[in-house]
Amino acid sequence: MPRRINALATWLLRLEPDEVAAILVHRRDVADRYIRTLKDLATQLTDSDSVHAAEDTLDQGALDVLGAIVVQNNTGTVDTVCAELRCSAGDFERAFGELKQRALAWPEGPRLIAVNSVRANGAAQEQLTLRPKAPGRRRASEISPIVAAMSTVDGVARLLAHCEQDTFDARYTGGVATVEIRRVARALRVTDSVLRLWLELAAEAQLLGVERSRLLPTKQGDAWLGSQPGPRLSALVAAWRRMDWRPEPDLARAALRDYTGAAGLALRSGALERFSAHEAFTNTSELVEDLTWERPAVHDPRATAAVIGEMESLGLVAGGALTPLGVAVLHDGDVDSAADALMPPATEKAAFQTDMTAVVNGLPSPELSATLNLVADLEDNDAARVWRLSAGSVRRALDSGLSADEVLARLKAVSEAALPQVIEYQVHDVARRHGQLTVTDVASCVRASDPLLLQEIVKSKRLGSLKLRFLAPTVLASDRPMAETLAALRRCGYAPTGLDAGEKSVVETVERRRAPARGERRQERWWRTEMNDLELTQLAVRLVEQERPSAGRGTPRANAARTLRDQNVFLHDEEVVLLSSALVDGSRVEIKYASGPRRTETHVIVPTKHLEGVLSADCEDGTSREFDIGHVRKVALPE
């Protein structure tokens with residue numbers, strides 16, 4: 001490792017300040033204001049994490065060249081690498097230039113050297129992958145993404161409704177199993193990949209959570225359902241920007257797992273940045289090929305195509321170009337206003353049918369949803385939402401404290417036309433029977449104005465668990481609490497109401513189960529403040545100028561002698577001049593070197609380079625060694 005660091009530092013010493021600045025621009029993670037020397041920079045550039053991060057920014061051609069250098073074990077030359085990859089010198093120079101700009105490989109004489117820790121994963125063997133043809137473009141046209149965006153917003157709402165009304169199990173280890181995704185996808189009549197996107201959006205937006213191994217809406221989900229279409233879409237777009245999972249449409253994978261790294265974020269941002277509002281891609285498959293070549297560590301054909309589909313489903317891209325909402329997301333604009341302008345207003349009215357159904361086309365407003373959910377049951381939640389009124393659903397509305405006239409008034413307020421008479425008859429019929437039975441808590445009592453009705457109830461075998469008995473001709477006592485007595489009577493087809501001790505009706509509310517949200521992900525903050533381009537250039541100039549003398553500052557021999565004097569206090573001036581001359585001229589000298597306490601060795605060497613207090617030299621026995629300048633005790637001409 002030290003030899004490779006010294007080799008990299010030696011190469012850096014030969015570069016101009018603008019070339020070192022280019023390396024710092026491409027490797028910003030290693031740039032530090034407190035780097036003192038080029039060897040310090042070389043040490044940072046060989047850090048394995050930084051090297052792997054730099055590899056992930058390579059295009060496929062540069063990755064192929066890096067792989068060939070590694071395969072040839074750092075002994076290859078330009079000719080051998082070109083022969084290995086069957087490429088022209090021009091294509092090689094372009095790719096090798098990308099490696100030099102990131103300090104991942106450099107020339108050392110005729111040989112090509114790669115930095116430590118390189119993986120070169122995904123490099124093609126025996127060929128250099130050329131860039132595909134540029135994707136075709138045309139002038140962008142006005143294509144509305146309303147249908148796709150409404151479908152996604154409505155789909156997430158359907159998913160929340162399914163999780164509340166039916167089971168959607170989560171695994172105890174976290175996430176949702178593939179078999180469960182397929183089951184719910186069939187129930188909602190969508191593909192597995194679409195449902196997985198809805199799941200990830202709902203979880204990232206904190207609309208869904210896990211409670212006792214079951215997916216349930218959260219309180220944030222209730223607020224989201226109660227908002228207008230624009231804010232709903234804006235919340236989903238914000239969640240999409242934070243998602244870090246990589247879509248794999250052709251593979252069976254679980255959903256709602258915590259993914260490590262930020263591969264999904266880089267995939268989505270990289271794809272979105274390629275789109276423009278003024279020009280549209282004629283064929284997105286060509287764009288997928290270009291992105292895959294440009295960043296193979298981030299993009300692959302299936303995942304990139306799936307991400308473009310996500311952008312289209314959220315209304316960010318339409319017809320191969322950015323929409324106003326996509327422009328706002330890309331440039332950190334006003335996403336909320338763009339989403340409001342894109343989405344049509346919510347539907348305020350429903351069409352009531354003679355078959356006791358209410359049909360809503362589009363996204364219902366919060367007020368319309370609240371009214372229909374109170375009086376009817378959601379039956380179909382597909383392209384058009386269908387609620388069905390029944391005796392049980394009308395009774396539920398009456399149980400909330402409304403009268404028959406108030407229920408009808410609410411329905412008329414949200415109806416496109418006059419209510420069908422069959423609905424009015426149904427409401428009045430249920431209201432006429434509603435409250436014929438009253439229940440009070442003894443454990444509980446059942447009272448009625450008609451003694452024959454109580455006789456019928458007492459004889460019912462299905463109510464035997466209540467152990468009903470007469471307290472009076474119009475009063476029955478139950479051994480079960482009021483809530484259980486009410487439920488048992490309703491299961492048998494009766495419509496009782498509950499009274500408290502003050503003879504007032506008990507307004508029943510059903511507490512809905514809600515799961516806690518998992519919370520938003522927060523971007524990790526690195527302790528090192530990122531340097532701007534000007535600061536990087538200033539750092540490069542300082543590093544180069546302080547270690548490589550410029551013209552007019554002195555002769556190479558004098559500069560070498562000045563540096564050696566600063567690094568060794570034991571040598572006389574004439575010995576320092578002798579060693580500096582040998583370093584410049586490549587002549588032989590004899591040195592005495594302190595190799596341990598009270599122990600010295602004598603070597604005849606030919607100095608080759610001097611960097612950071614370390615003298616590299618070829619010894620007389622044919623070996624190469626490194627000597628610490630501070631340990632040299634004597635320098636003389638060899639006999």
Side-chain angles (χ1 to χ4, degrees), residues 22 25-26 54-69 71 78 81-102 104-105 120-143 145 148 246-250 263-313 316-323 326-327 329-331:
V25 168
H26 286 87
E55 281 187 88
D56 290 344
T57 65
L58 293 175
D59 58 55
Q60 186 62 53
L63 192 61
D64 296 340
V65 171
L66 181 62
I69 295 174
V71 167
V78 174
V81 171
C82 288
E84 172 78 17
L85 298 177
R86 300 196 297 273
C87 64
S88 65
D91 292 333
F92 167 82
E93 287 298 333
R94 186 213 64 81
F96 191 63
E98 295 292 321
L99 300 180
K100 290 194 295 183
Q101 285 185 337
R102 293 164 176 80
L104 295 177
N121 292 338
Q125 300 295 323
E126 300 181 355
Q127 65 173 351
L128 178 65
T129 307
L130 300 179
R131 184 164 197 158
K133 68 173 184 177
R137 292 174 179 264
R138 55 176 172 77
R139 186 176 179 180
S141 57
E142 294 285 341
I143 298 179
R246 284 179 63 89
E248 297 288 349
D250 295 340
L265 296 175
L267 176 64
R268 289 177 174 84
S269 62
L272 184 64
E273 289 169 357
R274 290 296 300 272
F275 284 90
S276 168
H278 306 292
E279 291 184 320
F281 289 104
T282 57
N283 190 344
T284 55
S285 61
E286 295 177 351
L287 173 62
V288 170
E289 292 180 5
D290 194 56
L291 286 170
T292 303
W293 181 89
E294 190 176 74
R295 291 287 298 277
V298 174
H299 296 278
D300 65 75
R302 291 192 301 269
T304 305
V307 163
I308 293 177
E310 292 176 5
M311 294 189 290
E312 292 173 345
S313 67
L316 306 178
V317 171
L322 284 179
T323 65
V327 172
V329 171
L330 180 60
H331 300 292

Quick one: closest heavy-atom pair of Ala123 and Gly67, and the distance? CB-CA, 4.0 Å
Let me see the working for Phe92 and Leu85 under side chain to side chain contact (heavy atoms under 4.5 Å, CB included), right down to the final yes or no. CA-CA 9 Å; Phe92 167 82; Leu85 298 177; 5.6 Å; no
Restricting to non-hydrogen atoms, name the atom on Val327 and the atom on Leu322 that form the minimum distance, rounded to 0.1 Å. CG2-CB, 4.0 Å
Scan for salt bridge (charged side-chain N to carboxylate O under 4.0 Å, His left out) pairs involving residues 59-69, sequence neighbours excluded, and state none if there are none. Asp59-Arg94
Once salt bridge (charged side-chain N to carboxylate O under 4.0 Å, His left out) is applied, do any residues pair with Glu310, and if so which ones, sequence neighbours excluded? Arg268
Considering residues at least two apart in sequence or located in another chain, which fulfil the side chain to side chain contact (heavy atoms under 4.5 Å, CB included) criterion with Ala148? none
According to side chain to side chain contact (heavy atoms under 4.5 Å, CB included), who are the partners of Asn121, at least two apart in sequence or on a separate chain? Arg119
Those residues at least two apart in sequence (or on a different chain) that pass side chain to side chain donor-acceptor pair (under 3.5 Å) with Thr282 are none
Going by the rule side chain to side chain donor-acceptor pair (under 3.5 Å), which residues pair with Glu98 if we only count those two or more places apart in sequence or in a different chain? Arg102
Looking at Ala321 and Ala280, what are the two nearest heavy atoms and their distance? CB-CB, 3.8 Å
Compare every heavy atom of Gly270 with every heavy atom of Leu291, then report the nearest pair and how far apart it is. CD2-O, 4.1 Å
Taking salt bridge (charged side-chain N to carboxylate O under 4.0 Å, His left out) as the definition, give me every residue that meets it alongside Arg295, ordered by chain and number, with sequence neighbours left out. none
CZ-CG distance between Phe275 and Leu316, expressed to the nearest 0.5 angstrom: 10.0 Å
What pairs with Glu142 under side chain to side chain contact (heavy atoms under 4.5 Å, CB included), at least two apart in sequence or on another chain? none
Which residues pass the side chain to side chain contact (heavy atoms under 4.5 Å, CB included) test with Glu312, not counting sequence neighbours? Ile308, Val317
I'd like to check the side chain to side chain donor-acceptor pair (under 3.5 Å) partners of Thr284; sequence neighbours left out, ordered by chain and number. none
Looking at every non-hydrogen atom in both residues, tell me the closest pair between Ala303 and Pro247 and how far apart they are. CB-O, 3.4 Å
Taking all non-hydrogen atoms of both residues, which atom of Ala105 and which atom of Phe96 are closest, and how far apart? CB-CE1, 3.9 Å
Once rounded to the nearest 0.5 Å, what's the spacing between atom OG1 of Thr57 and atom CG of Leu63? 10.0 Å
Would a 4.5 Å heavy-atom cut-off, applied to side chains only, mark Trp293 and Thr129 as touching? yes
Counterpart residues, salt bridge (charged side-chain N to carboxylate O under 4.0 Å, His left out), relative to Glu93 (two or more places apart): none
Checking Glu294 now: which residues fulfil salt bridge (charged side-chain N to carboxylate O under 4.0 Å, His left out) with it, not counting sequence neighbours? Arg131, Arg274
OG1/Thr323 to CE/Met311 distance, rounded to the nearest 0.5 angstrom? 10.5 Å
What distance separates Leu128 CG from Glu84 CD, expressed to the nearest 0.5 Å? 11.5 Å
If I take atom CD from residue Glu126 and atom CZ from residue Arg86, how far apart are they, to the nearest 0.5 angstrom? 6.0 Å
Spacing of CD belonging to Glu279 relative to CZ belonging to Arg137, to within rounding of 0.5 Å: 5.0 Å
Does Gln127, at its CD atom, have more than 12 non-hydrogen atoms belonging to other residues, nucleotides or ligands within less than 6.0 Å? yes
Is there side-chain contact between Leu58 and Leu99, with heavy atoms separated by less than 4.5 Å? yes
Check whether any side-chain N or O of Thr304 sits under 3.5 Å from a backbone N or O of Pro301 as a donor-acceptor pair, and report yes or no. no
